[in-house]
K.L.:
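Please read through the structure below; I'll follow up with questions.
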Amino acid sequence: MFTLRVALRYLFSKKTHSAVNVISLISVTGVALASMAIVCVLSVFNGFTDLASEKISQLSPDLRIEPVRGKAIADADSLRAVVANVEGVMTAAPTIEERALAIYGPHQMPVTLKGVTPDYDILTGIRDIVKDDGDFLLTEDDLGDFATLSVGAAISLEAHPGFEQQLMLYAPKRTGRINPANPASSFRADSLLVGGVFQVEQPEYDTDLIIVPIDVTRKLLDYTTEATALEIKADDNIESTASRLRDALGPDFKVKNRMAQQEESFRMIAIEKWITFLLLAFILIIASFNVISTLSMLVIEKDDNIRTLYSLGASRNTIARIFLLEGWLISLLGGVIGIIAGVILSLAQQWGGFIKLGGNHDAMSIDTYPVRVEWIDLLAVLALVALIGWLTSTVTSIFTRRRLNRKKA
C-alpha cells in the first residue's frame, strides 16, 4: 500500500524538470492513441461481422439439418414429418444442392444448383433480394419451371428474366455406364425459363448459385425422396429449437444455425480481426518504449527522494517496486483514456456514420463503416495494456535496482 501511494504521488505531482513532464505526457498519449486505434478497429470488424450475418440471413434458414455421414438424406420426406412435430419448428422443407452445368445461348458455366420447395420464400428472404425486373418463381402451370439466378451467374451467362430463351441445365448421371461414342448420353438435362436475378452481396451466394424447383434437381440427379438438407424456419427461440431437434434426431444428423452454416466465412473474419489486433499490439509495444524512457528519467529526477527513502529504512526491492507500479500506472492511465476515447468514437460512428466508405455509394448496400463495441474487446485491450505496462515497468525496475546497488557500493 505504501509503494502504491508513493507511485500515485509521483504520477500526478509536477516534476522538477519540465522535460520529464513532457515525456510523461507523450508516454500517456502514445499508449492512449494506440489503445484507441485498437478499440476502433476491433469495433469495425464487429460491424462487418454483423453486416455479413444480416446479409447471409436473407438467404439462410434459421436452422439447417444435414447428415453426418454421406451426402444425402435417404428419406427426406419422412424426416420432414418427424421434424415438423418438434416444438418450435414453424416450417421445414427439403433442399438439394449439387454441381451442374448451365448453358444459356452461347454461354456456359459450372454452377451450384439448389432445388427448393414452394416454402423457400417463407424460410428465407429471397423475394427481398430479387432485382426489380424479375420475381422469385418456381413453377407456373402454363409456362413450366423457372430458375432464379444469382447476379454472378446471370452476368456470366448474360441471362435475364424473360420468356425468349431457355436455360439449359446438365448433370452427370449417377447410375449406368458411360458411352464414349456418345458422351452427351451420360448427362441428364432439363430446360427452364429465367424468372429473376438475386443479389446477397456475399460471394458464397452471388457467384454461381441457381435456385430451381426441387423436382428438377431430383430428375437431374435420379433422386426420388432424397435431399441433401432440411431447412427450417423456427420460432423466436432458435437455439432451444435446435437443441430439441438434436435430441429428436440423434447423432446421425447435424443441426446448424446461421452462424454454423457459414462457419468458414465467419472464422475468416475472426482470424482477420485478431491478426489485426496482434499487429496493432506491436504498435502499442513501440509506444510503450516511451514509458521506459519516462521512468528512467523519473528515477534520475527522484534521486534525492530515493536517497531519503533508503535512509528511512526502505529496502531496494521496495523502492524498485515503487517505480514498477509507476510505469504500470502510466500504461493503465493511457490505456483507460484510449479505451474511453475509442468507445466514444465508435459509438459516434455507429449513431452518426460520419466516416464514409470509399467507392460508388450508389452500388453499395451501406456507405459508412459499420461498428459495434463489444465488452470482450475492451477487456482484451485493457489486459494487453496492463501486460505491456508490466513488462516495461519490470525493465525499469531492473535499472532502478542496479542504480541503487551502485549507490550502496
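Here, residue 1 is the first one in the sequence, and each next residue gets the next number.
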K.L.:
So, for I210 and A102, which heavy atoms are closest and what is the spacing to 0.1 Å?
P.N.:
CD1-CB, 4.0 Å

K.L.:
Any Lys/Arg nitrogen of K173 or D222 sitting under 4.0 Å from an Asp/Glu carboxylate oxygen of the other?
P.N.:
no

K.L.:
Mind checking the CD1-CG spacing from I275 to L280? Nearest 0.5 Å is all I need.
P.N.:
12.0 Å

K.L.:
Take a 6.0 Å sphere around NZ of K273 and say whether it holds more than 12 heavy atoms from other residues, nucleotides or ligands.
P.N.:
yes

K.L.:
Around atom CZ of F282, are there more than 12 heavy atoms from other residues, nucleotides or ligands closer than 6.0 Å?
P.N.:
no

K.L.:
Are D235 and T241 linked by a side-chain donor-acceptor pair shorter than 3.5 Å?
P.N.:
yes

K.L.:
Does any N or O in the side chain of D190 come within less than 3.5 Å of the main-chain N or O of V216, such that one atom is a donor and the other an acceptor?
P.N.:
no

K.L.:
Give the C-alpha distance, both sets of side-chain angles, the deciding distance and a yes or no for side-chain contact (heavy atoms from CB on, under 4.5 Å) between F48 and V371.
P.N.:
CA-CA 7 Å; F48 277 113; V371 295; over 6 Å; no

K.L.:
For the pair D119 and R80, find out whether any cationic side-chain nitrogen is under 4.0 Å from an anionic carboxylate oxygen.
P.N.:
yes

K.L.:
For the CG atom of D252 and the CD1 atom of I65, what is their distance to the nearest 0.5 Å?
P.N.:
12.5 Å

K.L.:
At what distance, to the nearest 0.5 angstrom, does OG of S60 lie from CG of D62?
P.N.:
9.5 Å

K.L.:
For the residue pair H160 and Y104, does the interplanar ring angle fall in the parallel (under 30°), tilted (30 to 60°) or perpendicular (over 60°) class?
P.N.:
perpendicular

K.L.:
Going by the side-chain contact (heavy atoms from CB on, under 4.5 Å) test, name the single residue among V212, V130, L157, I155 that passes it with L149.
P.N.:
L157

K.L.:
Less than 4.0 Å between a side-chain N and a carboxylate O, is that true for D208 and R99?
P.N.:
yes

K.L.:
Between the side chains of R64 and E97, is the shortest nitrogen-to-carboxylate-oxygen separation below 4.0 Å, so that they form an ion pair?
P.N.:
yes

K.L.:
Can we say E226 and R218 salt-bridge, meaning some charged N sits less than 4.0 Å from an Asp/Glu carboxylate O?
P.N.:
no

K.L.:
Hey, which of L387, L384, I388, L391 is the one that makes side-chain contact (heavy atoms from CB on, under 4.5 Å) with I285?
P.N.:
I388

K.L.:
Would you sort out whether Y120 and F136 count as a side-chain contact (heavy atoms from CB on, under 4.5 Å), showing the intermediate values?
P.N.:
CA-CA 10 Å; Y120 192 66; F136 172 66; 4.0 Å; yes

K.L.:
Looking at L209, is its backbone amide N or carbonyl O close enough to the side chain of S150 to form a donor-acceptor pair, meaning the two atoms are under 3.5 Å apart?
P.N.:
yes

K.L.:
So V116 and T217, side-chain contact (heavy atoms from CB on, under 4.5 Å) or not? Walk me through it.
P.N.:
CA-CA 9 Å; V116 301; T217 53; over 6 Å; no

K.L.:
Thinking salt bridges, do E98 and K71 make one under a 4.0 Å N-O criterion?
P.N.:
yes

K.L.:
If you round to the nearest 0.5 Å, how far is CG of L245 from NZ of K254?
P.N.:
15.5 Å

K.L.:
side-chain contact (heavy atoms from CB on, under 4.5 Å), that's the test. Do L138 and D145 meet it? Break it down for me.
P.N.:
CA-CA 6 Å; L138 290 178; D145 296 325; over 6 Å; no

